[in-house]
Structures are given as C-alpha cells and as structure tokens.
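Everything below concerns the one structure shown next.
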2 protein chains.
Amino acid sequence: MSQHRHPGAPGRAGAVPALPDLPEATVARLPEYLRALHNLADAGHETVSSEGLAGAAGVNSAKLRKDLSHLGSYGTRGVGYDVALLIDQIEFVLGLTQRRAVALVGVGNLGHALAGYDGFASRGFRIAALFDADASRVGEMINGLVVRHIDELPRVAAEEAISIGVIATPAPAAQAVAEQLVAVGVTSILNFAPCVLSVPDGVDVRKVDLAIELQILSFHEHRKASLTALPAAGGSALTALPGGLATPDTQEAIGT
Amino acid sequence: MSQHRHPGAPGRAGAVPALPDLPEATVARLPEYLRALHNLADAGHETVSSEGLAGAAGVNSAKLRKDLSHLGSYGTRGVGYDVALLIDQIEFVLGLTQRRAVALVGVGNLGHALAGYDGFASRGFRIAALFDADASRVGEMINGLVVRHIDELPRVAAEEAISIGVIATPAPAAQAVAEQLVAVGVTSILNFAPCVLSVPDGVDVRKVDLAIELQILSFHEHRKASLTALPAAGGSALTALPGGLATPDTQEAIGT
DNA sequence: CGCGATTTGTGCACGTCTTCACAAGCGCCT
DNA sequence: AGGCGCTTGTGAAGACGTGCACAAATCGCG
Ligand SMILES: NC(=O)c1ccc[n+]([C@@H]2O[C@H](COP(=O)([O-])OP(=O)(O)OC[C@H]3O[C@@H](n4cnc5c(N)ncnc54)[C@H](O)[C@@H]3O)[C@@H](O)[C@H]2O)c1
Ligand SMILES: NC(=O)c1ccc[n+]([C@@H]2O[C@H](COP(=O)([O-])OP(=O)(O)OC[C@H]3O[C@@H](n4cnc5c(N)ncnc54)[C@H](O)[C@@H]3O)[C@@H](O)[C@H]2O)c1
C-alpha cells in the first residue's frame with residue numbers, strides 16, 4: 001500500500017497523488033478544521049497559528065499540529081499556517097476538489113429537510129438526484145430537483161456519476177435501498193435510518209442516529225444527576241431507581 | 001464480582017448495582033445494543049447470545065461482552081443474555097427510565113423534520129417544547145405542539161423540566177441559543193448547527209454535522225479512487241486541483 | 001548580521017480501546 | 001450424577017489516540 005511513491009506535489013494533473021493514509025481520528029477532524037479555516041478566510045485572515053485554529057475548531061493545538069503534520073508540512077515556524085493554502089490542501093485530501101454528486105433516497109420528513117439544505121452545496125457536494133418509492137411523491141419538485149422513482153436509480157446513477165448515497169427511508173427499507181445503491185456502484189453511504197446495514201467490503205457506511213445521540217446525552221445527564229443527588233438517596237423525583245450508588249473516583253466537573 | 005443489589009428494576013426483576021462509570025466508547029454503543037434488543041424482543045426472543053446480539057448491533061462479540069460486563073454480570077454462561085432484563089438494565093444506565101423532556105430550538109427546515117419525528121418518543125424522549133425567534137413562526141402547530149417564542153424559554157423550562165436542548169438554528173445564532181439554554185439549567189445539548197459551541201464545564205455538547213459526515217465519506221472515496229485509478233493516471237478531468245492553486249510542491253518526505 | 005520572540009513538528013509517555021484466547025460457569029442429556 | 005457442549009467474563013497484548021514538552025526553524029528588528 002504505502003508505495004513510497006514520490007512524495008511530491010499532489011496537484012498538477014497527471015500524477016496520481018499518493019495519499020498519505022491518515023489516522024481515522026484525524027480524518028474525522030479535518031472537516032472541522034476546514035470549516036474553521038473558511039471562517040477565518042472570510043474574516044480576512046491570511047495566516048493562522050495552530051493555537052488559533054485549534055481554538056476555532058475546538059481541539060487541542062498539539063493535536064491539530066499532529067493532524068496537519070500527517071498531510072505534509074504546510075506551516076511556517078514562527079508564523080503559522082497559510083489559510084488559503086491549508087484550505088486547498090485539506091480539500092484536496094478530502095477529495096472535495098471535485099463536486100461530488102449525492103443521491104438522496106427517501107424524500108419524507110427528513111429527506112425534505114436534507115434536500116432543501118444548502119450546507120451541502122457550500123461544502124463541496126451537489127445533490128444530484130432525489131428518489132422515493134412512493135408514487136405520490138414522484139414528480140414533486142424540491143429546491144429545483146424533481147423526485148424520481150427509485151427504479152430510475154440505475155439510469156440516473158450512470159448519468160450523474162453518483163459518488164455518495166444518502167438513505168433517509170424508514171429503517172425496514174434501508175437495507176434494500178443500500179443494496180440498490182451498491183448495485184449501481186455507490187461505495188459510500190450515509191444512513192439516517194436507525195438500523196445496521198450490511199454491505200460488501202469496500203463500501204463505507206456512516207450512520208447518523210439522532211436517538212443515539214440523545215441517549216448518550218441522557219447517560220451523562222443521569223450520571224450528573226446521580227452524583228449531585230447522591231447524599232439524599234433518591235430523594236428527588238429525578239432518579240427513578242434507588243440504587244446503591246457507589247460512585248467511583250471521577251473528576252468530572254460538577255460546576256454551578 | 002458484582003453483587004446483585006436491588007431487585008427493583010422498572011417493571012421486571014432487574015437488579016441494579018452501582019452506577020459504574022463506563023468507558024465513553026461503551027456508552028456510545030449501548031444505544032445500539034438497546035435498539036437491537038428491542039428488535040429481538042419484538043421478534044419474540046427471550047434470550048440472546050453475545051454473538052447474536054453483536055451481529056444484530058454490528059459489532060465484535062468480544063467487545064459486546066466487555067461492554068456489558070461493565071454494567072455487571074447479566075448473562076448466563078451457556079445460555080446468553082435475558083433480553084428483557086438487559087433492556088431494562090441498559091435503559092436504566094442510560095437514564096431512560098424517565099421520559100426526558102427535550103426542547104427544540106429553531107423550527108426551520110430541519111427543525112420541522114425533527115419535531116415531526118416519532119423516533120424520539122419511541123426511544124425514551126418527549127419533545128416538550130418548540131422555540132423559534134421568528135415571530136411569524138411562533139404560534140404554528142407542529143405535531144400537536146405549538147411553536148413558542150424563544151423568550152418564553154425560561155418559563156417553559158421551569159414548567160417542563162427540560163432535560164436536553166436541541167439546537168437547530170443557523171450557525172450564527174447557535175452560541176447565543178446555547179447560552180440561553182445553559183442559563184435555564186440545561187446541561188445537555190445536541191447541536192445541529194455547524195459551529196463550535198463554548199459552554200461551561202459540566203455541560204455536555206454533542207454535535208451532528210451532516211457535511212462532516214459526507215466529507216469523511218468523500219475522503220474514503222477519494223482514497224479508493226486513487227488506489228484503483230493508479231495505473232491509468234491520464235489527465236482525467238476528475239482529480240485536478242483548482243487551476244488557481246499554486247502547486248503545493250513544498251511537501252517533503254513523509255515517511256522519514 | 002545576530003538575537004530574541006514566536007511557532008511548528010515530533011519524540012515520548014500515558015491512557016483508552018480493541019481483539020484474542022481461554023478458564024470458569026451453566027444447562028442439558030444420558 | 002457426571003460429562004459434554006455452549007457461552008460468558010476477563011487477563012493480557014497490541015493498536016490506536018492524546019497531550020506534554022522541547023528542539024528546530026523562521027521572522028522581525030535593532
Ligand atoms: N425525521 C427526522 O427528524 C429523523 C431524525 C432521525 C432519523 N430519522 C430517520 O430517517 C428516516 C426517514 O425519516 P422520515 O421522518 O423522513 O420518514 P418518512 O416516513 O417521512 O419518509 C420516508 C420516505 O421514504 C420513502 N421510502 C420508503 N421506502 C422506500 C424505498 N424502498 N425506496 C425509496 N424510498 C422509500 C417513503 O415513501 C417516504 O417518503 C427514518 O429511518 C427515520 O427513523 C428521521
Ligand atoms: N436542513 C438540513 O437538512 C440540515 C442538515 C444539517 C445541518 N443543518 C443545520 O441545522 C440548522 C438549521 O437548518 P435549517 O435548514 O432548518 O435552517 P432554517 O433557516 O430553515 O431554520 C432555522 C430556524 O431557526 C430560527 N432561529 C434563528 N435564530 C434563532 C434564535 N436566536 N433563536 C431561536 N430560533 C432561531 C429561524 O427563525 C428558523 O426558523 C442550520 O445550522 C443548518 O446548518 C441543517
């Protein structure tokens with residue numbers, strides 16, 4: 001894999017760039033840096049220090065430097081990073097230099113919101129097609145796009161060079177939709193349905209599950225509540241269960 | 001090791017040992033297990049093996065066992081886990097035995113979808129109030145709830161015992177909204193706006209950023225493409241850096 | 001031209017997470 | 001009752017991620 005290929009410029013059409021294979025944690029943070037960088041650029045900054053960028057992105061500055069070091073050295077000691085250059089570099093690494101075409105399947109409640117969201121366009125993506133299985137929705141126009149029947153997926157996928165599929169159907173339909181997407185060559189899927197998708201190797205799936213996020217928050221709420229309500233065993237109506245709550249050593253903030 | 005303590009779980013005979021402080025990674029997976037368990041329960045299963053549950057939740061079985069072991073021993077060797085018991089146990093740990101009240105701020109495109117989503121209710125939450133700053137939206141009914149003006153937050157928060165705040169406003173408004181939420185005692189926030197929130201210690205923030213998810217997928221697409229397209233390397237119009245960009249030729253050896 | 005102020009890049013130590021492998025426990029069957 | 005097969009719970013090892021602390025690099029200035 002690591003071909004020790006010539007480490008030179010990724011740019012300049014012709015040479016296929018040897019992409020450094022970044023730690024997954026780093027990849028997950030790059031978009032955050034990118035957003036912060038765009039804000040800085042809009043605000044007129046030409047350079048930014050690791051400290052400054054880290055602050056804007058909400059991370060530790062050492063972590064940021066290490067992350068950026070993985071894409072090569074683009075900072076100047078004593079000065080910082082060139083904002084515009086870093087934007088280009090990160091966008092290249094993330095594969096955003098082309099405007100990726102996204103297909104959205106399931107134009108219901110959530111799908112409508114997604115289809116109407118302009119945060120896609122401004123961050124490197126283009127919603128290329130909307131699909132639904134419900135005949136009564138087919139033909140509807142949303143944000144300049146017409147809703148097509150899912151059966152048209154193969155044809156449209158070929159036309160539009162779909163790069164990423166977004167699933168916003170009910171959970172029971174998600175697996176079938178995923179298979180349809182994979183069948184037309186989609187190898188990246190963002191899944192909003194609360195279910196596990198099984199896909200062939202080589203296909204990436206990321207999921208967004210709102211309820212999971214809330215439940216994680218709920219856990220921390222529960223824990224915070226049980227810490228403060230500790231002395232009076234289950235006094236308030238907050239915690240349903242009493243419980244021999246032997247709190248271990250935590251240093252979590254108990255502010256306010 | 002862990003001794004059973006109170007046999008007074010919600011409804012069933014679940015025992016609740018001390019509230020352990022779980023590894024964050026485990027907490028993030030518990031909701032996944034919970035969903036899988038509910039599916040199993042609906043399908044009539046009374047017990048499930050770690051292998052079976054792990055499959056349904058899309059994780060490694062050893063990891064699942066270790067995760068569950070953190071909440072005490074609730075499996076039976078040679079048999080597996082009692083589905084109903086495990087559901088109760090996880091719901092307790094996640095603090096879902098009470099129906100947490102959620103306040104949604106920003107009833108726009110996305111907010112409408114969230115307000116109409118029944119996946120909240122079925123997974124332990126209750127949307128208790130909707131808020132917006134736009135006077136023309138105030139008064140609108142969505143799914144049986146009236147949209148209130150954000151200024152009413154303090155009063156409503158007191159009435160409804162808001163446990164979690166959800167921010168679905170544009171990014172520029174998010175920080176202010178977060179502060180308003182914190183001011184009325186909310187210590188858990190789910191943020192959909194693409195920006196970093198700064199909050200006091202003790203307040204948990206989770207963010208959901210759709211564009212970030214897409215960009216992560218894009219990275220992997222890019223990577224996959226550069227691997228397979230390696231031999232050709234012709235001037236395919238696909239992967240060229242934007243013209244204006246001076247070649248970032250400053251990159252030096254990476255794998256020193 | 002050299003010096004001090006500044007900031008990057010990274011070696012290192014530490015903590016967290018994952019995975020394997022297997023002993024111990026449990027139920028069932030004979 | 002005893003043995004057998006199945007499954008859990010966990011020790012240990014390794015992979016991965018984080019953050020400190022500091023040398024090296026660069027700039028601005030006198
Ligand atoms: N609404 C939300 O805020 C929200 C939040 C988080 C997760 N989700 C999840 O997102 C998904 C969609 O939610 P929703 O509220 O939009 O549901 P919805 O029922 O409003 O919309 C689902 C749409 O998918 C279409 N569909 C069904 N089967 C299909 C198929 N095989 N191919 C193509 N289209 C198909 C339906 O016709 C419908 O238009 C659900 O899985 C839901 O759990 C929704
Ligand atoms: N629509 C999507 O699919 C989507 C997807 C991902 C992220 N987001 C993000 O979610 C947020 C909302 O997106 P949207 O498409 O619903 O935007 P929107 O403009 O449709 O809705 C925003 C709503 O927030 C209200 N608002 C503004 N300032 C407020 C304040 N101070 N207090 C209370 N309410 C306020 C506005 O009146 C409006 O109703 C944005 O930050 C967006 O980037 C949206």
Side-chain angles (χ1 to χ4, degrees), chain A residues 1-2 7 20-30 32-33 37 40 45-83 85-86 89-90 216 248-252, chain B residues 1-4 15 17 20-30 32-33 37 40 45-83 85-86 89-90 216 248 250-256:
Chain A
M1 19 222 62
S2 47
D21 74 17
L22 308 173
E24 206 35 50
T26 295
V27 173
R29 283 187 295 264
L30 288 181
E32 206 79 61
Y33 303 155
L37 283 165
L40 288 166
H45 292 71
E46 303 219 330
T47 64
V48 64
S49 69
S50 65
E51 199 79 34
L53 182 52
V59 303
N60 177 303
S61 70
K63 185 159 31 179
L64 177 134
R65 286 198 299 276
K66 186 153 293 187
D67 283 341
L68 295 187
S69 77
H70 285 124
L71 10 138
S73 285
Y74 282 88
T76 306
R77 295 171 191 227
V79 176
Y81 298 88
D82 180 296
V83 172
L85 183 59
L86 198 48
Q89 178 61 11
I90 293 180
I216 294 172
D249 45 31
T250 17
Q251 94 288 31
E252 179 72 319
Chain B
M1 240 222 72
S2 56
Q3 63 289 42
H4 290 217
D21 67 323
L22 307 172
E24 205 38 50
T26 295
V27 173
R29 283 187 294 264
L30 288 181
E32 207 79 59
Y33 304 155
L37 284 165
L40 288 167
H45 292 71
E46 303 219 331
T47 64
V48 63
S49 69
S50 65
E51 199 81 34
L53 182 53
V59 303
N60 177 302
S61 70
K63 184 157 38 178
L64 178 132
R65 286 200 298 278
K66 184 147 291 187
D67 283 341
L68 295 187
S69 78
H70 286 121
L71 10 141
S73 285
Y74 281 89
T76 305
R77 294 170 191 230
V79 176
Y81 299 88
D82 181 295
V83 172
L85 184 59
L86 199 47
Q89 179 61 12
I90 293 179
I216 294 172
T250 52
Q251 180 175 5
E252 54 173 329
I254 11 185
T256 311

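The sequence lines fix the lettering, A, B, ..., with proteins before strands; numbering per chain opens at 1. Side-chain atoms are counted along with the backbone in the values below, which use heavy atoms only and exclude waters and symmetry mates.
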Close approaches to DNA chain D from residues 62-69 of chain B, in residue order (heavy atom, under 4.0 Å):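 Only B:Arg65, B:Lys66, B:Ser69 qualify.
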C:dG9 phosphate, OP1 or OP2: any side-chain N/O from A:Ser73 under 4.0 angstrom?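 Yes, such a contact exists.
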Look at the side-chain N and O atoms of A:Ser50 and state whether any lies under 4.0 Å from the OP1 or OP2 oxygen of C:dT7.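 For A:Ser50, the contact criterion (side-chain N or O under 4.0 Å from OP1 or OP2 of C:dT7) is not met.
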Could you check how far [atom1] of [X] sits from [atom2] of [N], rounded to whole Å?
X	N	atom1	atom2	answer
B:Tyr74	D:dG9	OH	P	11 Å
B:Leu85	D:dT8	CG	P	14 Å
A:Glu24	D:dT18	CD	P	12 Å
A:Leu22	D:dG17	CG	P	11 Å
B:Tyr81	D:dC6	OH	C1'	13 Å
A:Leu71	C:dT10	CG	P	12 Å
A:Asp82	D:dT26	CG	P	15 Å
B:Leu53	D:dG9	CG	P	12 Å

Name the residue closer to the 5' end of DNA chain D, choosing between A:Gly78 and A:Thr26 according to the nucleotide with the nearest heavy atom.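 The 5'-side residue here is A:Thr26.
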Using side-chain contact (heavy atoms from CB on, under 4.5 Å), reason through A:Arg65 and A:Tyr81 one step at a time and then give a plain yes or no. CA-CA 10 Å; A:Arg65 286 198 299 276; A:Tyr81 298 88; 3.8 Å; yes
With distance as the sole criterion, is a donor-acceptor pair present between the side chains of B:Asp67 and B:Tyr33 under 3.5 Å?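 Result is yes, a qualifying pair exists.
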Heavy atoms only: give me the nearest B:Pro23-B:His70 pair and the separation to one decimal.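 Where B:Pro23 meets B:His70 most closely, the heavy atoms are CG-CE1, 3.8 Å.
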Of the non-hydrogen atoms in A:Ser61 and A:Ala54, which two are nearest, and what is the gap between them?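 Nearest pair, atom of A:Ser61 first, then A:Ala54: CA-CB, 3.5 Å.
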B:Asn60 has a side chain; which of C:dT19, C:dG27, D:dT18 sits nearest to it?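 Nearest to the side chain of B:Asn60 among the choices is C:dT19.
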Nearest listed nucleotide, side chain of A:Thr76, among D:dT18, D:dT26, C:dG27: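 The answer is D:dT26.
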Taking atom CD of A:Glu46 as the centre, report whether more than 12 heavy atoms of other residues, nucleotides or ligands fall under 6.0 Å from it.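 No.
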Under the side-chain contact (heavy atoms from CB on, under 4.5 Å) criterion, do B:Leu71 and B:Gln89 qualify, and how do the steps go? CA-CA 8 Å; B:Leu71 10 141; B:Gln89 179 61 12; 3.6 Å; yes
Does A:Arg77 make a side-chain donor-acceptor contact with the base of D:dT26, cut-off 3.5 Å?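 No pair found.
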So A:Asp82 and A:Thr76, side-chain contact (heavy atoms from CB on, under 4.5 Å) or not? Walk me through it. CA-CA 8 Å; A:Asp82 180 296; A:Thr76 306; over 6 Å; no
